[in-house]
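In what follows, a structure is listed as structure tokens, so that the remarks can point back to it.
Below, chains carry the letters A, B, ... as their sequence lines are ordered, and counting in each starts from 1. In this text the structure is predicted, and so the values were computed from the model without any measurement.
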Amino acid sequence: MTRPTALDARLVVARPGFTLDLDLQVAAGEVVALLGPNGAGKTTALRALAGLTPLAEGGHISLDGRPTHILPAERRPVGMVFQDYLLFPHLSALDNVAFGPRCQGAGRADARRAAAAWLERVGLVEHASARPRHLSGGQAQRVALARALAVRPRLLLLDEPLAALDAHTRLEIRSQLRRHLADFDGATVLVTHDPLDAMVLADRLVVIENGAVVQQGTPGEVGRRPRTDYVARLVGLNLYRGHADGPQVTVEDVRFSVAERLDGPAFVAFAPSAVALYRSRPDGSPRNLWEAVIDGVERHGDNIRIHLEGPISAFADVTPAAVADLELAPGRRVWASVKATETHAYPA
Amino acid sequence: MSGRVPWALMVPALAGMAFLVLPLAGLLVRAPWSTLARRLAEPQVLEALRLSLLTATAATAVCLIFGVPLAWLLARVDFPGRRLVRALVTVPLVLPPVVGGVALLLVLGRRGLVGQWLDHAFGITLPFTTAGVVVAEAFVAMPFLVISVEGALRAADRRFEEAAATLGASRWTAFRRVTLPLIAPGVVAGGVLCWARALGEFGATITFAGNFPGRTQTMPLAVYLALETEPEAAIVLSLVLLAVSVIILACLRDKWVNSP
């Protein structure tokens with residue numbers, strides 16, 4: 001990382017039955033996505049960064065080298081976009097954006113000028129005088145972003161920034177948001193449970209489960225080498241933990257030939273589309289082959305996703321034609337195989 | 001659910017309705033309509049009306065200035081004994097107003113705990129003055145405002161205040177620029193209710209401020225006095241108070257009367 005670290009934090013929040021403890025470093029200009037299932041502590045982490053949730057013993061936050069956790073929320077150089085935006089309903093879009101500059105001591109005219117410039121950047125000049133209830137979801141999202149950026153924060157926090165939008169708007173706002181985040185020179189932390197948002201918007205993913213980091217890396221690394229079932233599901237891979245011995249990884253009773261040479265605990269991952277199904281045992285190598293029972297059949301895009309139970313449980317994506325030809329129905333016994341070249345093994 | 005309404009419920013319901021409506025109807029029936037205009041123009045009536053409007057408005061202002069912050073404190077700040085404070089604040093709501101007047105006299109009277117000091121230090125005496133009327137009315141009416149505003153504060157989404165904080169607003173700024181506009185309907189409703197209560201105040205006022213025409217004799221006091229000497233005048237004054245009540249109810253209809 002050549003860019004200087006802007007945010008250096010250890011977020012510790014203790015609640016009855018739940019503890020969040022995570023280290024987070026974000027460089028200036030970098031976008032980090034906190035990804036995790038519901039209740040993992042993503043929003044709590046964001047609130048702790050904003051100063052809305054107090055840190056427990058041992059936690060600290062520093063921004064550009066200055067301790068920030070000792071400041072109350074209103075004195076932190078932080079901008080936050082809330083999941084449902086929380087635009088002030090009694091103020092126009094312009095006055096919502098001008099609110100931050102006003103609080104920072106700007107005069108009314110100056111604050112409004114700055115707000116108008118921000119609204120222009122997000123393409124909403126013509127809606128400056130509109131009340132939030134007259135804005136569409138996508139417009140409200142952009143006003144919320146402009147409002148958060150108008151305080152000139154060093155740390156920008158986005159809580160599920162696209163979750164409240166419909167599919168079409170989401171596509172459009174996602175690409176716009178990506179552009180605005182690229183222009184922002186401070187650190188950005190965004191929370192999402194949508195892997196696509198994370199992959200498109202973030203330079204780095206931090207996956208948290210049960211209040212702790214389980215994996216982090218670039219979207220490419222995380223996508224290729226998931227380390228938990230949650231991440232594997234997110235990126236749509238079958239993932240197994242087994243034992244490697246040279247070019248072979250044993251998972252339960254199934255032996256996988258893999259392209260990599262490893263020793264010791266290892267992960268094997270492969271895409272559901274790499275799994276081939278047979279009615280009877282195919283000839284040839286006994287490797288990468290196991291007998292399974294179909295547990296479920298469901299539509300998945302243009303294909304059919306088959307849930308397999310057996311020594312290992314797996315997903316297989318097959319064409320509707322194959323389902324008909326092989327008479328794939330729940331309860332049927334099948335043989336499943338995956339090509340060695342389509343598997344990916346890495347140390348656990 | 002449909003079906004016949006059971007008599008066991010219908011009869012008492014109608015009787016209850018009649019009980020509430022008939023006296024008001026009687027007021028209208030017995031009103032001296034022919035001499036109404038002349039009676040309304042009588043200086044004593046006008047004086048009482050002027051004093052009533054003035055003191056009720058002043059009392060409402062006092063309640064807003066102190067009651068809104070008090071409601072905020074009860075709704076937003078977690079302090080030990082909060083429940084006790086809330087209970088104490090709402091005592092005047094159920095306290096007989098006469099008792100309130102006696103209590104005010106004991107504290108703010110010339111020889112009262114605070115009154116003594118007010119008299120010595122500033123030469124201020126409250127009992128039996130117009131200011132005393134305002135104090136008595138505010139004492140009785142403030143709980144209405146506090147309860148209404150506190151309810152509005154509790155119903156308001158606190159996360160707007162958090163959003164304001166992330167934008168650099170102190171708690172005071174957030175209250176002034178975000179919370180207060182958001183709860184404005186609740187404050188207005190509470191204010192109107194408070195004003196109506198102040199306007200109708202009798203017990204505490206007559207106990208603490210006495211009954212001096214032009215100084216402390218508000219409409220309800222005038223009604224009571226007139227009833228003994230000049231019943232028709234009492235009816236006219238009552239009509240005025242009834243009209244004010246109906247207008248207030250009309251203003252608040254969206255808030256309370258049409259509740260689901």
Any Lys/Arg nitrogen of Glu162(B) or Arg47(A) sitting under 4.0 Å from an Asp/Glu carboxylate oxygen of the other?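 Salt bridge between Glu162(B) and Arg47(A), a charged N being under 4.0 Å from a carboxylate O: yes.
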Distance from [X] atom [atom1] to [Y] atom [atom2], nearest 0.5 Å?
X         : Y         : atom1 : atom2 : value
Glu161(B) : Leu86(A)  : CD    : CG    : 11.0 Å
Gln83(A)  : Arg159(B) : CD    : CZ    : 8.0 Å
Trp172(B) : Glu74(A)  : CH2   : CD    : 14.5 Å

What part of Val78(A) gets closer than 4.5 Å to chain B, counting heavy atoms only: side chain, backbone, both or neither?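 Contact with chain B involves the backbone of Val78(A) alone.
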Side chain / backbone / both / neither for Phe99(A) at chain B, heavy atoms under 4.5 Å: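 For Phe99(A), the contact with chain B is made by backbone and side chain together.
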Give the table of side-chain donor-acceptor pairs shorter than 3.5 Å for residues 133-147 of chain B, with sequence neighbours excluded, one pair per line with atom names and distance.
| residue | atom | partner | partner atom | Å |
| --- | --- | --- | --- | --- |
| Glu137(B) | OE1 | Thr55(B) | OG1 | 3.4 |
| Glu137(B) | OE1 | Ala56(B) | N | 3.3 |
| Glu137(B) | OE2 | Thr55(B) | OG1 | 3.4 |

Quick check: closest heavy atoms across Phe160(B) and Phe88(A), and the distance to 0.1 Å?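 Distance-wise, the nearest heavy atoms are O-CE2, 3.4 Å.
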Indicate the atoms forming the closest heavy-atom contact of Gly168(B) with Cys103(A), along with that distance.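 Smallest heavy-atom distance, with atoms named: O-CB, 3.5 Å.
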Counting only heavy atoms not in [X] (residues, nucleotides, ligands), do more than 12 fall under 6.0 Å from its [atom1]?
X         : atom1 : result
Arg152(A) : CZ    : no
Arg66(A)  : CZ    : no
Arg75(A)  : CZ    : no
Phe66(B)  : CZ    : no

Report which part of Ala164(B) has an atom under 4.5 Å of a heavy atom belonging to chain A: side chain, backbone, both, or neither. both
Heavy-atom pairs under 4.5 Å with chain A, option from Val178(B), Thr173(B), Thr166(B), Leu167(B) with the top count: Leu167(B)
When you measure from the side chain of His90(A) to the backbone N and O of Arg177(B), does any donor-acceptor pair fall under 3.5 Å? yes
Using a 4.5 angstrom heavy-atom cutoff, name the option from Asp84(A), Val81(A), Leu91(A) with the most pairs to chain B.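 So the answer, after comparing Asp84(A), Val81(A), Leu91(A), is Asp84(A).
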